[in-house]
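Everything numeric here is computed off the predicted structure, so don't read it as measured data. Only this structure's heavy atoms are used, side chains among them; waters, hydrogens and symmetry mates stay out. As the structure lists them, so they are numbered: ligands from 1, and atoms in each ligand from 1.
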Amino acid sequence: MSERKYIIGVDLGGTWVRAALSDEKGKIMEKMQEKVDISSEKAISNQIVKIVRILCNKSGVDVTSLEGVGIASAGPLNIKEGALINPTNLPFDYVPLTRPINEQLDVPTFLINDCAAAALGERIFGAGKGLDNLVYITIGTGIGGGAIVDGHLLLGKDGNAVEIGHITIDYEGRLECGCGKRGHWEAYCSGRNIPNYVRMRLEEIDEELKRQSLLFKKIKGELSQLSSQDLFEAAKRGDKLSLQLVEEIGVLNAIGFANVINAYDPSLITVGGTVALKNEKLILSPIRKYVKNYAVNRLPKIIVTPLGENIGIYGGISIVLKLKT
Ligand SMILES: [Zn+2]
């Protein structure tokens, strides 16, 4: 058998599955992405097997020389079974991953939460090199986090530690989260739920201010059509109402970040996810401005991840690299 030295990193999201083949040091040699095949629970593992074979073919690497397949996926997970349990963004109750992939490829296959993987990826490849205390936070369709504390990646009993999107930031529970509970951070500040926050606030805001706003004109008063990007685009054009709402969302984000800082005491927080990556200044400035009002611990550096959209793939590769050492 040939020497096992290549690694596959997989970033499994609700819409896309992204994957890359890397060398033993984690240098990416080939990359691809496809829409997630949601025709059945089994289709997803079959799709990953197919992608692994394509990546190997394109790079002239034999499947037998793969050291491992590391899958970074949104949860909730059962890491012992290597499966997703009632995943919030896929239409199945149970999605087995590591066993069917290992059976078909005969390659060690690992699964961890995508944000935990991202924290690991940040530490090995990104801004977290040499740091023992760092947190990764994603503000995208949902909100999630991964934490390395005293050099240890936090996983939890089922692999769902640091599910910070479901921290309660509003005890009155005005908005309902995708998980079914009320008042969670994600219910106010994630890409999917920012429109709910804006709709709620527009009912409370002065009618005149509302009618004059660029945001209201942009969506022609059709509040059901509102997207989070409508809000950020109107704010970038200087719309007063939109800037106010972005600032309010920033205060809520600052509360979330402060909870994280008080809980994990990191020296660095890196931020990813499409909402943050596309609107870096509008998201990060209010967090940096307000976080001190809520955090007790010495503040960490807060920056956007230098790994951008590839952080999930690097996370997947990192799982295999870490388990080897
Ligand atoms: Zn929730």
The protein N, O or S atoms lying under 2.8 Å from the Zn ion (ligand 1) are His166 ND1, Cys177 SG, Cys179 SG, His184 ND1

Ring pair (Phe, Tyr, Trp, His ring centres under 6.0 Å) contacts in which one or both residues fall within residues 73-121, not counting sequence neighbours: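 The answer is none; no pair qualifies.
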
Whether the side chain of Asn78 engages the backbone of Gly82 through a donor-acceptor N/O pair (distance < 3.5 Å, no angle test) should be reported. no

Donor-acceptor pairs under 3.5 Å, side chain of residues 290-312 to any protein atom, not counting sequence neighbours: which ones?
residue: Tyr290; atom: OH; partner: Glu247; partner atom: OE2; Å: 2.5
residue: Lys292; atom: NZ; partner: Lys289; partner atom: O; Å: 2.9
residue: Asn297; atom: ND2; partner: Ile261; partner atom: O; Å: 2.9
residue: Asn297; atom: ND2; partner: Asn262; partner atom: O; Å: 3.3
residue: Thr305; atom: OG1; partner: Glu122; partner atom: OE1; Å: 2.7
residue: Thr305; atom: OG1; partner: Leu307; partner atom: N; Å: 3.0
residue: Asn310; atom: OD1; partner: Lys31; partner atom: NZ; Å: 3.3

Do the rings of Phe257 and Trp185 sit parallel, tilted or perpendicular, given the 30° and 60° boundaries? perpendicular

Is there a path from Val275 to Trp16 through hydrophobic residues (I, L, V, M, F, W, Y) whose side chains come within less than 4.5 Å of each other? no

Donor-acceptor contacts, no H, no angles, side chain residues 150-166, under 3.5 Å, sequence neighbours left out:
residue: Asn160; atom: OD1; partner: Leu77; partner atom: N; Å: 3.0
residue: Asn160; atom: ND2; partner: Leu77; partner atom: O; Å: 3.3
residue: His166; atom: ND1; partner: His184; partner atom: ND1; Å: 3.3

